[in-house]
Amino acid sequence: METIWIIGYGRFGKIAHKRLLKRAKSLLIVDPSSSVSVDSSVSKVEMIKEDGIRYLKDNLRPEPPPDWIIPSLPLHLLAEWAITLLGDQKIKRIGVPSELLGLVPNPIKGADGNLYVSHATFLCPDDCPEPKDICTYTGKKRGKDMFKILEELKIHGFSVKVLRSRQLAPGVGGYRPKDMFHILDDIRRSPGRYLLCTSCRCHGVITAVIIY
């Protein structure tokens, strides 16, 4: 049994809540909406009505961390957490290098400046178990894991940091806070330009930053 934080309580946050409830020793849900509520009769579930990134900045610590964080909000949690935590004097978002577009599968530039990548050209089912080799939707071999593709990127002037999202339940991915802090410590120690990436086997998101 594990301690799990779900950051964001939209459609995918609710899916994570439902599918991880039995697994969790305690389940913390963070969402700023005043209309969000959970079953108060389930004692191991706690609801915090607050901005998710701000909550992580103020409450996430290396020791003792939760076992897992589930990102369920429409932004790149790793990058937004690092930017909020380090502040304007230490970190700045910059444009994603254009050469990335020819190096990753199905790239889509987001309005937020991030680059979204995917092996899929279709809407994936929300209960995909993410098998190692085969796409459950097409039945075909998937190819190299997306997190491996991103780890192997060579972009002049940039270092690459990849946070791997791991499957905790069908359609639910999360990562360990220690991996977030490991990336944070690395970029703090070495100023320069970085591609901060979060990725599972099939999908990923890339944010470019400069560390001063």
Side-chain angles (χ1 to χ4, degrees), residues 2 4-8 10-24 52 65-82 96-97 99-110 112 114-155 158-184 186 194-208:
E2 297 167 303
I4 299 172
W5 291 7
I6 298 174
I7 309 301
R11 178 189 173 207
F12 290 104
K14 291 179 174 67
I15 288 173
H17 176 192
K18 179 179 179 180
R19 295 177 184 169
L20 296 175
L21 186 58
K22 290 183 179 179
R23 172 175 178 162
D67 293 293
W68 296 98
I69 288 179
I70 313 299
S72 300
L73 62 181
L75 48 77
H76 187 189
L77 189 147
L78 170 66
E80 298 299 333
W81 171 71
V96 173
E99 56 263 47
L100 263 179
L101 298 177
L103 299 176
V104 292
N106 302 309
I108 297 176
K109 282 188 174 181
D112 52 10
N114 296 333
L115 188 68
Y116 297 86
V117 297
S118 179
H119 280 305
T121 56
F122 46 83
L123 184 63
C124 295
D126 68 22
D127 60 351
C128 175
E130 196 191 58
K132 183 176 180 181
D133 299 312
I134 302 297
C135 171
T136 53
Y137 184 85
T138 65
K140 298 178 180 178
K141 186 174 177 62
R142 181 189 301 110
K144 183 178 288 188
D145 289 331
M146 185 65 74
F147 56 82
K148 282 292 185 184
I149 293 174
L150 299 182
E151 287 171 352
E152 294 169 4
L153 285 173
K154 304 295 182 185
I155 302 292
F158 283 85
S159 299
V160 180
K161 297 294 180 182
V162 180
L163 177 63
R164 180 178 172 185
S165 176
R166 299 177 184 273
Q167 190 88 345
L168 302 183
V172 179
Y175 30 78
R176 293 195 182 276
K178 68 176 183 180
D179 296 330
M180 296 171 63
F181 279 107
H182 180 73
I183 290 174
L184 185 72
D186 280 353
Y194 288 88
L195 299 177
L196 299 181
C197 313
T198 299
S199 178
C200 63
R201 294 187 187 279
C202 304
H203 317 286
V205 56
I206 304 167
T207 303

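- Using a distance-only test at 3.5 Å, with no hydrogens or angles considered, a donor-acceptor pair links the side chain of N106 to the main chain of S118.
- With hydrogens and angles ignored, the 3.5 Å screen pairs a side-chain donor or acceptor of R142 with a backbone N or O of P131.
- Interatomic distance, NZ of K141 versus SG of C135, reported as 12.5 Å (0.5 Å rounding).
- Counting heavy-atom neighbours within 6.0 Å of I108 CD1, excluding the residue itself, gives a total of 12 or less.
- The two residues M146 and P105 make their nearest non-hydrogen contact at CE-CG, 3.8 Å.
- Note that CG of L78 and OG1 of T198 are 4.5 Å apart. Values are rounded to the nearest 0.5 Å.
- Listed by chain and number, the residues in a ring-ring contact (aromatic ring centres under 6.0 Å, His included) with Y137 are F122 (sequence neighbours excluded).
- At least one donor-acceptor pair under 3.5 Å links the side chain of D112 to the backbone N or O of N114.
- In this structure, R164 and Y175 approach most closely via the heavy-atom pair O-CB, 3.5 Å.
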Practice problem: Go through I183 and L163 one step at a time and tell me if the side chain to side chain contact (heavy atoms under 4.5 Å, CB included) criterion holds. | Solution: CA-CA 8 Å; I183 290 174; L163 177 63; 3.8 Å; yes
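- Residues L195 and A208 come closest through the heavy atom pair CD2-CB, 3.9 Å.
- The side chain to side chain donor-acceptor pair (under 3.5 Å) pairs that include a residue from residues 65-75 are E2-W68, where partners are two or more places apart or lie in different chains.
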Quiz item: Passes salt bridge (charged side-chain N to carboxylate O under 4.0 Å, His left out), R11 versus D126? Steps please.
Solution: CA-CA 10 Å; R11 178 189 173 207; D126 68 22; 3.0 Å; yes
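- Between L168 atom CG and R19 atom CZ the span is 12.5 Å, to the nearest 0.5 Å.
- H119 places a side-chain N or O within donor-acceptor distance of the main-chain N or O of K144, the cut-off being under 3.5 Å.
- With sequence neighbours excluded, the residues forming a side-chain contact (heavy atoms from CB on, under 4.5 Å) with Q167 are E130, listed by chain and number.
- A donor-acceptor pair under 3.5 Å links the side-chain atoms of S199 to the main chain of F147, judged by distance alone.
- Atom-to-atom distance recorded for L153:CG and L100:CG is 6.0 Å, nearest 0.5 angstrom.
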Practice problem: Begin from the C-alpha positions of M180 and L77 and carry the test side chain to side chain contact (heavy atoms under 4.5 Å, CB included) through to its verdict. | Solution: CA-CA 10 Å; M180 296 171 63; L77 189 147; 3.8 Å; yes
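- Put simply, CG on L103 and NZ on K154 are 12.0 Å apart, with the number rounded to the nearest 0.5 Å.
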Practice problem: Begin from the C-alpha positions of F12 and I70 and carry the test side chain to side chain contact (heavy atoms under 4.5 Å, CB included) through to its verdict. | Solution: CA-CA 10 Å; F12 290 104; I70 313 299; over 6 Å; no
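- Within the model, atoms NZ of K161 and CG of L184 stand 11.5 Å from one another, a figure rounded to the nearest 0.5 Å.
- When all heavy atoms are compared, the tightest approach of V160 to C197 is CG1-SG, 4.1 Å.
- Minimum interatomic distance between L101 and P107 (heavy atoms only, all atoms of both residues): O-CG, 3.5 Å.
- Scanning both residues, Y194 and D186, for their nearest heavy atoms gives OH-O, 3.9 Å.
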